[in-house]
Amino acid sequence: MIVKFKNYIEREHLYAQGQQVLLAVSGGRDSVTLVDLVARCGIPFGIAHCNFHLRPGDCDRDENFVRQLASRHGVKCYVAQFDTRKYAVQYKLSIEEAARRQRYDFFEKIRLEENYDTVATAHHRDDSIETFFINLMRGTGIAGLHGILPRNGCIIRPLLSISRAEIDEYVRKQGLSYVDDYTNSETVYLRNRVRLQLLPLLRQLSPAFDSVMDENMRCLRETETIFTKAVEAVEREVVTKNDDAVYVDIEALRRFSPIRTYLFEILRPYGFSSSVVDDIIHSLDGISGKQFFSHSHRIVKDRARLIITHLAHEIDDNSVELSAEDVVRCEVSEMKFFVADYVPTSKIALDSDTAWFDMDKLHFPLVLRHWRHGDRIEPFGMKGSRKVSDIFSDNKISLTEKERILLLCDSRGAVLWIAGLRASRHAAVTGSTKRILIVERK
């Protein structure tokens with residue numbers, strides 16, 4: 001194991017003699033293994049730990065364990081305390097994204113203040129494969145299919161050549177102590193379902209699955225390098241930027257094929273999904289003024305250009321993004337979310353302050369926001385769609401009331417629920433539903 005660890009560090013140029021490494025340590029078996037291997041290789045290191053206060057009692061237990069681990073190795077231990085749920089609401093993020101930002105901001109702060117050269121995380125080969133399939137299902141394009149990179153700036157991942165099974169065996173042989181996170185076994189999380197349900201099946205079908213995936217991701221990383229250069233060349237031809245907006249020249253874009261691929265890659269950094277890109281392409285010969293939205297940006301189709309602007313000053317303060325993990329018995333803004341098993345004999349609440357959805361048909365992340373001009377909904381029990389503004393008119397909703405009403409939308413921009421007024425037929429509960437998402441307006 002130590003030889004494999006050293007060889008990977010050398011091959012990927014992750015460490016140079018005399019450098020100091022800050023280890024991100026949760027206290028789990030992966031990060032404990034990382035600490036042990038780095039110590040045995042004689043690499044100078046310190047330990048950083050984040051207490052996100054998401055698991056009452058367990059988070060403090062983990063923090064104490066990591067402090068003791070650092071003490072046994074005689075190294076510095078840096079600990080940050082976070083109110084992650086408050087941070088998520090404040091910055092309109094999912095819990096997962098909020099924790100990620102807090103974690104890496106803290107690591108970088110310590111790295112700079114304490115003169116560490118790099119920050120090492122304990123991501124291993126299985127993590128990288130899981131990331132591949134999660135990104136594949138989310139439709140992130142080729143950039144999401146290379147798995148986790150060995151190095152990203154000052155972040156290094158020296159365990160990426162090592163499997164979870166190898167780590168488990170190493171922990172057993174070395175008699176290493178660690179703490180368990182019970183949420184790792186909860187299949188409500190997408191990553192856990194990939195780990196516990198999908199990958200074991202694929203390994204049964206192909207005994208060489210892990211090594212084949214390792215090679216696939218290596219090839220995709222190299223392919224991405226070529227692909228990115230081609231996209232950047234097109235972008236230089238069709239995109240101009242200033243402080244307020246980004247402009248895509250429509251006629252210049254038409255000269256390149258496949259237009260959909262180039263436009264998707266140009267718009268991907270601004271959060272536009274592939275389905276929205278399709279809609280934009282269909283609008284290129286249409287009238288000016290049509291608008292398209294991502295969670296962070298707006299595109300206006302002008303006569304000769306696509307104009308991309310940030311929504312920082314357009315989206316209200318109550319706009320919140322929610323991942324599948326966030327909606328498990330979660331409370332955000334003026335809403336409560338519950339996930340439960342569904343029994344066909346269950347009585348669906350009919351009051352206007354509650355909506356039920358088929359959890360497995362929803363497209364995450366969900367977005368809770370205020371109404372915008374142009375919003376449409378496909379009402380449950382009706383054919384076709386209607387403007388949300390027309391539903392407001394039907395219900396004699398005043399302007400001030402419009403500004404307070406929240407809309408629950410999916411990742412594609414479809415309106416699922418006008419809170420207190422009308423639900424969509426998207427992700428409706430049926431006799432085949434297994435799990436339901438219940439949303440209540442407080």
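Rounded to the nearest 0.5 angstrom, Leu34 CG and His124 NE2 are separated by 11.0 Å. Taking OG1 of Thr131 as the reference point, atom CG of Leu145 lies at 11.0 Å (rounded to 0.5 Å). Atom CG of Leu416 sits about 5.0 Å away from atom CZ of Phe357, to the nearest 0.5 Å. With rounding to the nearest 0.5 angstrom, the CG atom of Asp117 is 8.5 Å from the SG atom of Cys154. The structure places CG of Leu37 at 6.0 Å from CD1 of Ile162, a figure rounded to the nearest 0.5 Å. Rounded to the nearest 0.5 angstrom, Leu160 CG and Arg151 CZ are separated by 12.5 Å.
When all heavy atoms are compared, the tightest approach of Leu22 to Tyr116 is N-CD2, 3.6 Å. The minimum heavy-atom distance between Val79 and Cys77, with the atom names listed, is CG2-SG, 3.9 Å. Ala252 and Asp249 get closest at one heavy-atom pair: N-OD1, 2.9 Å. The minimum heavy-atom distance linking Arg376 with Val415 is given by the pair O-CG2, 3.3 Å. Between Phe292 and Phe272 the shortest heavy-atom distance is O-CE2, 3.8 Å. Residues Ala419 and Met335 come closest through the heavy atom pair CB-CE, 3.3 Å.
Counted by atom type alone, His49 and Glu63 present zero donor-acceptor pairs between their side chains at under 3.5 Å. Counting only N and O atoms by type, the side chains of Arg412 and Ser275 include no donor and acceptor under 3.5 Å apart. In this structure, a donor-acceptor pair under 3.5 Å is absent between the side chains of Asp410 and His426. A donor atom on one side chain and an acceptor atom on the other are not found under 3.5 Å apart for Arg305 and Thr240. Thr84 and Gln102 are linked by a side-chain donor-acceptor pair at a separation below 3.5 angstrom, with hydrogens and angles left out of the test. Using modelled atom types, one finds no donor on one side chain facing an acceptor on the other under 3.5 Å when comparing Ser163 with Asp126.
Under the side-chain hydrogen bond (donor to acceptor under 3.5 Å, both in side chains) test applied with Glu130, the options Arg125, Arg164, His123 reduce to a single match, Arg164. Between Pro158 and the choices Val21, Ile43, Leu23, Leu14, the side chain to side chain contact (heavy atoms under 4.5 Å, CB included) rule is met once, by Leu14. Each of Met137, Arg195, Glu96 was evaluated against Leu190; a single residue qualifies, Met137, per the side chain to side chain contact (heavy atoms under 4.5 Å, CB included) test.
We find that Glu440 and Lys336 are not joined by a salt bridge, their nearest charged nitrogen and carboxylate oxygen being 4.0 Å or further apart. A salt bridge links Asp58 with Arg55: the distance from a Lys NZ or Arg NE/NH1/NH2 to an Asp or Glu carboxylate oxygen falls below 4.0 Å. Ionic pairing of Asp375 and Arg369 is present here: one or more N-O contacts between side-chain nitrogen and carboxylate oxygen are shorter than 4.0 angstrom. Using a cut-off of 4.0 Å between Lys/Arg side-chain N and Asp/Glu carboxylate O, Lys6 and Glu10 are scored as not salt-bridged. Salt bridge annotation for Arg111-Glu108: present, with a cationic side-chain nitrogen under 4.0 angstrom from a carboxylate oxygen. Between Arg260 and Asp278 a salt bridge is recorded (basic side-chain N to carboxylate O distance below 4.0 Å).
Residues Phe337 and Leu322 have side chains in contact (heavy-atom distance under 4.5 Å, counting atoms from C-beta outward). You'll find the side chain of Arg254 reaches within 4.5 Å of the side chain of Leu284, heavy atoms only. Between Ile299 and Leu267 there is a side-chain heavy-atom pair separated by less than 4.5 Å. In this structure, the side chains of Phe227 and Glu265 come closer than 4.5 Å at one or more pairs of heavy atoms. Looking at heavy atoms from C-beta onward, Ile259 lies in side-chain contact with Leu253 at the 4.5 angstrom threshold. In this structure, Phe293 and His297 have side chains that are not in contact, with every pair of non-hydrogen atoms separated by 4.5 Å or more. Inter-residue side-chain proximity for Ile156 and Glu12 is flagged as unmet; no heavy-atom pair is nearer than 4.5 Å. Within the 4.5 Å cutoff, no side-chain heavy atoms of Phe338 are placed close to those of Ile436.
Counted within 6.0 Å of CZ on Phe380, heavy atoms from surrounding residues, nucleotides or ligands total 12 or fewer; the atom is thus considered open. Within a 6.0 Å radius of CZ in Arg11, more than 12 heavy atoms belonging to other residues, nucleotides or ligands are found. Around atom NZ of Lys290, no more than 12 heavy atoms belonging to other residues, nucleotides or ligands sit under 6.0 Å away. In this structure, Ile287 places its CD1 atom where only 12 or fewer heavy-atom neighbours from other residues, nucleotides or ligands lie under 6.0 Å away.
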### Message
If you apply the rule side-chain contact (heavy atoms from CB on, under 4.5 Å), what do you find for Asn152 with Arg157, and how did you get there?
### Response
CA-CA 9 Å; Asn152 184 8; Arg157 285 94 177 204; 3.8 Å; yes
### Query
Stepwise, does the side-chain contact (heavy atoms from CB on, under 4.5 Å) test hold for Arg298 with Arg372?
CA-CA 12 Å; Arg298 177 180 68 167; Arg372 302 189 193 118; over 6 Å; no
### Verdict with reasoning, Phe132 to Asn216, per side-chain contact (heavy atoms from CB on, under 4.5 Å)
CA-CA 10 Å; Phe132 170 91; Asn216 285 340; 5.8 Å; no
### Task
Report the C-alpha separation of Val277 and Arg268 in whole Å, then their side-chain angles, then the decisive distance to 0.1 Å, and conclude whether the side-chain contact (heavy atoms from CB on, under 4.5 Å) test is met.
CA-CA 9 Å; Val277 171; Arg268 184 167 56 82; over 6 Å; no
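Aromatic rings of Trp371 and Phe392 (six-membered ring for Trp) have centroids within the 6.0 Å cut-off, being under it.
In terms of modelled atom types and a separation under 3.5 Å, the side chain of His13 and the main chain of Ile9 share no donor-acceptor contact. Without hydrogens or angle criteria, Arg221 side chain to His146 main chain gives a donor-acceptor distance under 3.5 Å. With hydrogens and angles ignored, the 3.5 Å screen pairs no side-chain donor or acceptor of Asn7 with any backbone N or O of Lys4. Without hydrogens or angle criteria, Asp390 side chain to Arg386 main chain gives no donor-acceptor distance under 3.5 Å. Although no hydrogens or angles enter the test, the distance criterion places a donor-acceptor pair under 3.5 Å between the side chain of Ser393 and the main chain of Ser389. Using a distance-only test at 3.5 Å, with no hydrogens or angles considered, no donor-acceptor pair links the side chain of Thr433 to the main chain of Val429. Remark: side-chain polar atoms of Arg203 are not paired, donor with acceptor, to backbone N or O of Phe209 under 3.5 angstrom. Side chain of Ser31 to main chain of Gly28: a donor-acceptor pair is present (N/O by atom type, distance under 3.5 Å, no hydrogens or angles). In this structure a side-chain-to-backbone donor-acceptor pair under 3.5 Å is missing from Ser424 to Ile377. For Glu237 (side chain) and Val234 (main-chain N/O), no donor-acceptor pair under 3.5 Å exists by modelled atom type.
In this structure, Arg435 is not positioned above the aromatic face of Tyr342 in the sense of NZ or CZ being under 6.0 Å from the six-membered ring centre and within 45° of the axis.
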